[in-house]
Structure formats: C-alpha cells, structure tokens
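A short worksheet on the structure shown next.
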Amino acid sequence: MESINHLKGYGKVNPETLANPEPPKPQKRISSAVAISAVICLTLVITLAIAALIHESTTESPDESQPQSLSNSAESTIKTVCNVTRYPDSCFRSISTLNRSPNPDPEAIFKLSLEISAAELSRLLALFKTVNSDPATQDCVSQLEEAISRVNDSASAMRVDPGEKALTGDKVKDIQTWISSAVTDQETCLDGLEEMGSTAVEAVKSEMNKSKEYSSNSLAIVANFKGILDKFNIPLH
Ligand SMILES: *[C@@H]1O[C@H](CO)[C@@H](O)[C@H](O)[C@H]1NC(C)=O
Ligand SMILES: *[C@@H]1O[C@H](CO)[C@@H](O)[C@H](O)[C@H]1NC(C)=O
Ligand SMILES: *[C@@H]1O[C@H](CO)[C@@H](O)[C@H](O)[C@H]1NC(C)=O
C-alpha cells in the first residue's frame, strides 16, 4: 500500500513539470521583423521535421535489416541483376528483403525494384506534403507526384497474365524513358531548392538519398535488361 502511494506520489510530479506554459498572445500588428523571424522559425521547424524523419527512416528502413533466409539461387540471381547498377548494395538489400520467391527471374526482380522505388517516392511525397508551407518544396511535391506516376506507369506496363513475359523490347524502351524521367524529376526538385537558396536543401538531399538510389537501380536494370537476360540465357521477347 505504502509503495503504491509512493508511486502515485511520483506520478503526481509529472503533469505539473510537463505542463506547457501559456502560449504568448498574438500581436495585433505584425512588423516585418516579426514576419521575417516567423519565416526563419518556419524554415527551422521544417528542417527539424525533415531531420527527425531522416533519423526515423535511417533507423527503420528495410535497407538496414538483414535479408531473410534467401535461397542461394535467389541470392545469386539478385546479385547478378544488381551488379549492373551504380548502387549494387542498396539494390541487393532492398530487393532481397522484399523477395519471396525461391527462384525469381530478372523480370520479377525488376518488378520488385519498381515497387521499392514507388514506395520510397511515396514516402518522400508524404513528407513533402507535411511541410508544404515552404514554396520551394511545393514544386517538389508536383515533381515527386510526376515521378511516382512514371514509376506507376512502368509497373502497369508490366502487368500481364501469369506466365506471360511482360518485358518486350518495345516496353523496355518505354519504361527506360519513364524511369529516366523519374530520376530527372528528383534532380529538378533538388535544383529548384538550391536555386531558391532553401535552407532545407541539405536535409532534402539526404532524405532523397534512397529514392534516388532506388530509381537509379531500376533504371540501370531496365537499361541493361537485354544483357542481364543474356547472362541467364533467356531471350528478350
Ligand atoms: C559484376 O560485374 C563485374 C564486371 O562488370 C564482374 O567482374 C563481377 O564478377 C560481377 N559480379 C557478379 C556477382 O556478377
Ligand atoms: C501509384 O500507384 C499506387 C498503387 O497502385 C497508388 O496508390 C498511387 O495513387 C499511384 N500514384 C500516382 C501518382 O499515380
Ligand atoms: C547516399 O548516401 C551514401 C552514403 O553517404 C552515398 O555513398 C551515396 O552516393 C548516396 N546516394 C546518392 C544517390 O546520392
């Protein structure tokens, strides 16, 4: 009984110490100095929010987790496919984490890479939408929406009846064009932020690291698709 009261006593301390102070009353006239410091504050809040999300994403990303028991065949196929990319480690880790097939073919691996790119771009878009009070990031919202829709178009182009091969020579060309635009869209977002002298540019750059790598991986896979198939002695349809 005494120990319960003791604990309750401790409990009582918290609400008071944690209580927020009264928010300051808004001024009637907003001087330009106040407006400027409000902008600086907002920028800081945005930067901090992005920084917090960076921390979250680097600690929770699937990239960080170990691939689950992967068959030797799946592992070696994914490694061979990812070997054509500029970021083979990020390619291998992200795809092998998502892969559920004991024997994925290069086309299935490419599909997974599109899913990974789309998911990461969507995460980024959601993040930008939470900080859309910054005019510089508003342009990024439309560029990211466009990038996602290009990756979506690519994924839709690959939807075929089970057993059928989706990637014909013509589709490879189209998809290569779309993914290439998705990569450019992200660069355009960063360039825009840099041009506007946005203080968020460094935070956005590191936040965009994975989506840039993932879309670059998808682009490298589709651009080298014929060569990849050759390695497995599979003809391109
Ligand atoms: C990756 O490609 C390089 C040549 O570009 C080759 O030497 C290496 O053996 C390849 N690795 C795998 C795992 O295929
Ligand atoms: C992309 O596809 C996903 C899943 O199919 C969908 O939820 C999303 O709205 C699409 N986004 C765009 C921009 O087309
Ligand atoms: C992402 O970050 C890593 C580690 O800093 C770096 O090596 C890599 O080049 C970055 N990727 C992109 C696309 O900037």
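Worth saying up front: this structure is predicted, and the values here are computed from it rather than measured. Start at 1 and go down the list; that is how both ligands and their atoms are numbered.
A salt bridge does not link Glu213 to Lys210: none of the charged side-chain nitrogens sits closer than 4.0 Å to a carboxylate oxygen. In summary, Lys111 and Glu115 do not engage in a salt bridge, as defined by a charged side-chain N under 4.0 Å from a carboxylate O.
For a threshold of 3.5 Å applied to N or O pairs, the pair formed by Asn83 and ligand 1 contains at least one separation below that value.
Partners of Lys212 under the salt bridge (charged side-chain N to carboxylate O under 4.0 Å, His left out) rule, at least two apart in sequence or in another chain, are Glu187. Taking Asp230 as the reference, Lys226 meet the side-chain contact (heavy atoms from CB on, under 4.5 Å) condition, with sequence neighbours excluded.
No more than 12 heavy-atom neighbours from other residues, nucleotides or ligands sit within 6.0 angstrom of NZ on Lys173.
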Write none if no such pair exists; otherwise list each N/O atom of ligand 3 with its protein N/O partner under 3.5 Å and the distance.
from	atom 1	to	atom 2	distance (Å)
ligand 3	2 (O)	Asn209	ND2	2.3
ligand 3	11 (N)	Asn209	ND2	2.9
ligand 3	11 (N)	Glu213	OE2	2.8

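Screening residues 135-228 for disulfide bond (SG atoms under 2.5 Å apart), with sequence neighbours left out, gives Cys140-Cys189.
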